Amino acid sequence: MRTLRGEWSVVRRDKVVATAEEALAGVRDGASFAVGGFGLSGIPNVLIQALYNTGVTGIAVVSNNCGVDGGGLGVLLAAGRIARVTASYIGDNKEFARQYLGGELEVELTPQGSLAERLRAGGSGIPAFYTPAGVGTPVADGGLPLRHHPDGSIAVASPPKEVREFDGRPYVLEHSITTDFALVRAAKGDRHGNLVFSKAARNFNPLAAMAGRITIAEVEELTELDPDEVHLPGVFVQRVLVLTPEQAADKGIERRTISAAPTGGTVRS
C-alpha cells in the first residue's frame, strides 16, 4: 500500500489461528488436499487428526504416499474417508493396497520426481511440463490401473499422455497439480506464514504448500525469522497453527530394527 508521503510499505497479516478446528475452517466433503511429508517423516500429524475429527469424507489426497497402517494419512484411509489418492508408491500400508486392489479406492501412481514437480508447477502457475521420466512405460503409454473391480480386474485405466521429442529425445507431458487445501508441518514459522523445515521434512512439505489454494501449516516453534533462513515464503501460507511442546515432540517412525551387537560391542537401533 502507498502511504500519505508516497512511500511504499508492506502490510503483514497475522495468520496464526488459535485451534486446529479454526485452522480447518471451510473443509468439506469431496475437497482435495496436498499433504506434506514422506512416510511418517515431517507429516502434519495434528492437522491430519483434526481433519479426521471433522468427519469429512470423499476427499482426494495428493501426497508422496498414504501414511502407514494406523498412522498419518492411514487413519483417514482406514475410516473410508479418502476416495482418491495421487502418490508415488503404496509402501507398507496394507490397508492402502487392500482398498486399491479391491476397487474401493482410486489411485494415480506417478514417478516421485514427477509428483514433486507437478506440485511445484501448480504453485508456480505452470499448467504442464515435459519430462523424460516414464517415457516408454505405462506412465506415458497408458494402461495403469486407476481403479479395480472387486474381483481385481481393471475398472478404469490411465489414458495415454502426449509424448514429444526435444533434441532427439522423447519427453512425456505431465500436468501440474493444485488442490483446495494443503496441510504441512514446519520446524519454525512466523506470524506471517514464512516457514523453515527441518532435514527430511523439507522434501514434500514446501511443494505441497505451494500447490494448495488454502495452505495450513502446523509449526513446532513460532519465532521471528531472518529472511535469509526462510525455506518457504508466507505468500504460499494462509493459516499457521502453533503446536504445543507435546505435539511438537510427537514424531513417529515407520520401523525400528534392533540387531544383536557383536561381542564387546554396542546395540545399534
Side-chain angles (χ1 to χ4, degrees), residues 15-24 33-54 61-79 81-82 85 87-96 112 115-116 119 181-191 193-212 215-223 225 229-232 236-237 239-259 266-269:
K15 300 177 181 178
V16 174
V17 296
T19 65
E21 292 71 27
E22 183 181 349
L24 291 173
F33 294 82
V35 182
F38 188 105
L40 293 181
S41 176
I43 62 171
N45 254 330
V46 174
L47 289 172
I48 290 172
Q49 184 60 48
L51 182 61
Y52 172 85
N53 293 340
T54 66
V61 169
V62 181
S63 189
N64 182 59
N65 62 303
C66 205
V68 300
D69 292 302
L73 288 169
V75 174
L76 287 162
L77 189 71
R81 307 283 186 79
I82 300 176
V85 176
S88 68
Y89 74 107
I90 293 177
D92 292 332
N93 193 326
K94 294 182 176 60
E95 179 62 14
F96 189 5
Q112 192 170 89
L115 178 62
L119 290 165
F181 297 89
L183 310 179
V184 301
R185 180 165 182 146
K188 295 190 289 184
D190 64 18
R191 291 186 172 276
N194 300 301
L195 303 178
V196 173
F197 303 94
S198 176
K199 302 179 177 67
R202 196 176 174 182
N203 42 45
F204 274 91
N205 273 298
L207 306 171
M210 292 176 68
T215 293
I216 309 161
E218 60 180 61
V219 301
E220 298 172 15
E221 179 186 357
L222 186 69
T223 185
L225 295 175
E229 66 177 323
V230 170
H231 294 156
L232 184 79
F236 291 109
V237 179
R239 302 170 191 171
V240 174
L241 175 67
V242 184
L243 303 182
T244 66
E246 293 75 20
Q247 291 171 330
D250 184 16
K251 300 176 182 179
I253 59 174
E254 293 182 53
R255 182 183 297 127
R256 175 178 293 171
T257 301
I258 305 296
S259 59
T266 58
V267 175
R268 296 180 179 179
S269 64

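Since we're looking at a predicted model, the values are computed, not measured.
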* Would one find more than 12 heavy atoms of other residues, nucleotides or ligands at under 6.0 Å from atom CZ of Arg202? ->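 Open: at most 12 neighbouring heavy atoms sit under 6.0 Å from CZ of Arg202.
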Student check: side-chain heavy atoms of [X] and [Y] closer than 4.5 Å:
X      : Y      : answer
Asn64  : Tyr89  : yes
Leu243 : Asp250 : no
Arg191 : Val240 : no
Gln49  : Gln247 : no
Arg185 : Leu47  : no
Leu73  : Ile48  : yes
Leu115 : Val62  : yes
Leu51  : Phe33  : yes

Mind listing the closest non-hydrogen atom pair of [X] and [Y] along with its distance?
X      : Y      : answer
Ala208 : Gly36  : CB-N, 3.9 Å
Gln112 : Ser88  : NE2-OG, 3.4 Å
Glu22  : Arg239 : O-NH1, 4.0 Å
Phe204 : Gly37  : CB-O, 3.8 Å
Gly193 : Val237 : O-CG2, 3.4 Å
Val196 : Val230 : CG2-CA, 4.2 Å

* **Verdict with supporting geometry, His231 and Leu195, side chain to side chain contact (heavy atoms under 4.5 Å, CB included)** => CA-CA 6 Å; His231 294 156; Leu195 303 178; 6.0 Å; no
* **Asn205 (side chain) donor-acceptor with Gly42 (main chain) under 3.5 angstrom** =>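 The answer is yes, because a donor-acceptor pair under 3.5 Å joins these two groups.
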* **Expected output: side-chain Asp69 to main-chain Glu95 donor-acceptor under 3.5 Å** =>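 Flag set: sc Asp69 to bb Glu95 pair under 3.5 Å.
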* Please walk me through it: do Asn93 and Asn65 pass side chain to side chain contact (heavy atoms under 4.5 Å, CB included)? -> CA-CA 9 Å; Asn93 193 326; Asn65 62 303; over 6 Å; no
* To do: Could you tell me the separation between the CG atom of Asn194 and the NZ atom of Lys188, rounded to the nearest 0.5 Å?
  =>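 Reported value, rounded in 0.5 Å steps: 12.0 Å.
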* Please round to the nearest 0.5 Å and tell me the distance separating atom CG of Leu222 and atom CG of Asp190. =>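 Reported value, rounded in 0.5 Å steps: 7.0 Å.
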* Can you list the steps and then say if Thr215 with Met210 is a side chain to side chain contact (heavy atoms under 4.5 Å, CB included)? -> CA-CA 8 Å; Thr215 293; Met210 292 176 68; over 6 Å; no
* Check step by step if side chain to side chain contact (heavy atoms under 4.5 Å, CB included) holds for Leu24 and Leu183. => CA-CA 9 Å; Leu24 291 173; Leu183 310 179; 3.9 Å; yes
